[in-house]
Amino acid sequence: MSAGNPAASSPAGSIYDLGYRHYEGKRRGRWFAAWSLYVDSLRGIWGFGRPTSAKAAPFILAGLYALPAVIVLAFSSIISNSIATGATNPADLPNYANYFAGIGTFIVLFLIAQAPEVVCRDQRYQVLPLYFTRAIDRFDYAMARLLSLATALFLVLMVPVIALFIGDILMSADAFKAIGSEWPKALPSIPSNLLIAASVASIALALSSYSPRRAYAAVGVLAYFLLVEFVPLVIYGIGHEAGAKWVDYLPLITPNTGLSRATDWFFGTPIPPDFPSSIGAGAYVLAGLVSTLLFTGILAWRYRRIAA
Amino acid sequence: MTTAPVANSPAVDIAAQAPAIELVNVARWYGNVVAVNDITFSLGPGITGLLGPNGAGKTTLLHMLAGFLAPSAGTVRVLGLSPSRDPSVYRRIGLVPERESVYGFLTGFEYVRFNARLQGMRDADAASRVAIERVGLQDAADRAIGTYSKGMRQRAKVAGALVHDPQVLLLDEPFNGMDPRQRLAMMDLLGEMAAAGRTILFSSHILEEVERIGTEILVMVAGRLAASGDFRAIRALMTDRPHMITIRSSDDRRLATILIAHPAVFAVELQQNAVSVQTAHLSAFRRIIAEASLRAGVRLIEVSPADESLESVFDYLVHR
Amino acid sequence: MIHGSPRNPILALPEIFRVTVRQLLGRRRTLLLLLLAALPLLLALVFRLFDRIDVQRFSNSVFDGVLIAIVLPLTAVLFGTGAFGAELDEGTALYLLAKPLPRWAVVLSKAMAAAALTLLLTVGSILAGALVEVIPAGEVGVRATEAYVGATVVGGLCYVAVFVAVSMFTRRALVIGIGYTLIWEGLLSSMLPGIANLSIRQYALGAGDWFVQLGREPARLPPETAVVLSVVVVVSALVLATWRLMRFELSGGAD
């Protein structure tokens, strides 16, 4: 159909000014670009700016994690009398200190669903070069993505804490006095949940970054959290009976159990008897930090090497 | 290839009487979007080009013919059968889908033989070799399809679709990714098959492809059948269409009065801040407009031809 | 037709089977699964390292806790949803469906390919672990091995059939399969005993009891019931998948 086009029949080539304007304003540079990416991923994890179906998984899974807190509140308002008389042991109910240890599986589910969401599409649709030609470099990209996932997880982890906190206050006779007495009890949740969020986010994202397909990334993350959780504990169990000393270190590498013990350190709770007595709770905190660094390193390494 | 005329089984005799492809008041919608709207036509042996801009519903139509979509209304018959209900009709249909996906780990030969075996052919190996030869892939037949270029993949797909010598061949954008020489070869191949009495329907959004091989065409625009019949007749109607040019000037009204006096100008319409002109000859008009503006002392701000894309040509067909 | 009369569609099964097997043996996925399948062997070596031959404990923690609870459903979900799901994803399903084959033949050959790979991997995994740790215990070990191989076969067939069926209904079959495995089979079936009748893992273990009491606290399902329920699951999943495939429509909007 070129015959009808006057430009094609004109003798020499020419360049048309189509009126595109150049951006003359200030450029805000690398940190702002990284910040934008962070905010965008965080919104993406919760499905904001995406269709409703994208919001379903994160909110349902975060809701599942918080659900027991709500149930506990309902229950405890009924049975608080029986607790007072010693009929039920209050330590068995979910509280600030043991919440993650009891219900952490849902955090894994949240990771399986959302961690691949954060990094896989960019590889699948081959848009990484578009990022790397902007103000951010590869490291910034990886860190912005990681921080956004960690932030999202921290929010998920804090919802039941806040629910328990508010619930306990409202249920007490004197709200202001209750705030004073509850506050110190709840406070360790902040550092312990920060550690949990950073640690599991780094694991999940590092593993996810190795597959462009979300489904396979999900399987990889799942396999890690199930097997690295389970296998060391089995070996520890058998080795401990056989009297081997080195197996005492194995529970340190488990993701969920290890972080549950790290939480014990923040709350000053004694470590349960089925864990090696030679390893203090502080060691689990250290292990959590080391694992975070290690997987952050793997993530950064992956993005240093990845073809884009 | 053993292209003995298909006339020795009773089922074929029935099919020979019915048109190879028959659509009656066919419509297909997805929720609120109507992809194909009340289409009726029937095709016999020969090549037919299905033409239309992207999104016109060509793929939806082909998928209905191939039985991968049931029509929301109306009836689709291929060789007298409803393809979405009766897989046995695939024995006599060959399909080349638009998506480029193939089993990348199979070699070209293996892929064609896979198709032959699933067709239940007795001598799948021999038939596959013939089909590979027909599309000219002999040299690459033992390489994995994953290593093929786009055009080679396209040819492998065609070989897989015609290995069982189907009565009806449906091709969705078959020339995508082929270089001009490959296109010509493919066109020849389709021509041969048509001459042997096969019914071939292929879609394209590029007029020139259709022009070269399609004697019969169907034009779809926005889900509806806009034109059908002999290509040359329709094409003549299309070029008959006057060119639309939009002009903005310092004095539209004055310019319009001068332009209307010219024989090369069919119509002039004053619009808000612009004057739109219909003319038969673009090159002549360029001279006229320069002269006219000079004579009238009118300053031209903008002279732009209205969209001459395929889509606007089709628009013309629809709104005529 | 031209090249001979219509043949028995069963003859197309091996062809689809072969292609599906090659399709499923993608590199990274297979590597991950091999790693998972190597676990029982690894753990068996650890047990031997500590000079333990403890059939009961090894079976419970490794065969039941790792293999049947984790490795088997994961393998089945990857192969089961991949068998047809990958073809839908990549668009190659059209080549398969534009053939004069009854739909049950397509479903059956896909399911058989996925099941063959799943069982090859998991049964191999059990045997490897058993050779090192369980069978050396003598008669008890042999029986336990038989029991877990039986359980794996039954569980594997059920999982694969279900996941093949799920992949016919949704593109997100893999995520759904994982969610189901974790929440239903993992969490709920151990928390709510009533689920035993609706849990593939319990069918598998129940079927294993056919050979030898697997030594769990009172078996939740008698072997006969477990086997009957498994057959029901497999057959109805395949029928459902066929039904769905007969109504197969390409998804996606206009063009």
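The chains referred to below are lettered A, B, ... by the order of the sequence lines, with proteins before strands, and numbering in each begins at 1. Keep in mind it's a predicted model, so treat the numbers as computed, not measured.
- Neither the backbone nor the side chain of L42(C) comes within less than 4.5 Å of any heavy atom of chain A.
- Expressed to the nearest 0.5 Å, how far CG of L182(C) lies from CG of L222(A) amounts to 5.0 Å.
- Residue contact with chain A, scored on non-hydrogen atoms closer than 4.5 Å, is absent for L35(C).
- Heavy-atom minimum distance, A244(A) versus F50(C): CB-CE2, 3.4 Å.
- Of the inter-residue distances, the one linking E241(A) atom CD with D54(C) atom CG reads 8.0 Å to the nearest 0.5 angstrom.
- Both the backbone and the side chain of I238(A) come within contact range of chain C, judged by heavy atoms closer than 4.5 Å.
- Only the side chain of V247(A) comes within less than 4.5 Å of a heavy atom of chain C; its backbone N, CA, C and O stay farther away.
- Sparse packing is recorded around CZ of R304(A), with 12 or fewer heavy atoms of other residues, nucleotides or ligands lying under 6.0 Å away.
- A223(A) and L36(C) make their closest contact through CB-CD2, 4.2 Å (heavy atoms, listed as atom of the first residue, atom of the second, distance).
- Open room surrounds OH on Y249(A); 12 or fewer heavy atoms of other groups in view lie less than 6.0 Å from it.
- Note: I70(C) leads V62(C), D51(C), I70(C), V71(C) in heavy-atom pairs under 4.5 Å with chain A.
- Atom CG of L207(A) is separated from atom CG of L32(C) by 10.0 Å, given to the nearest 0.5 angstrom.
- Taking chain C as the reference chain and counting heavy-atom pairs below 4.5 Å, the highest number among V234(A), I112(A), V231(A), V219(A) is found for V219(A).
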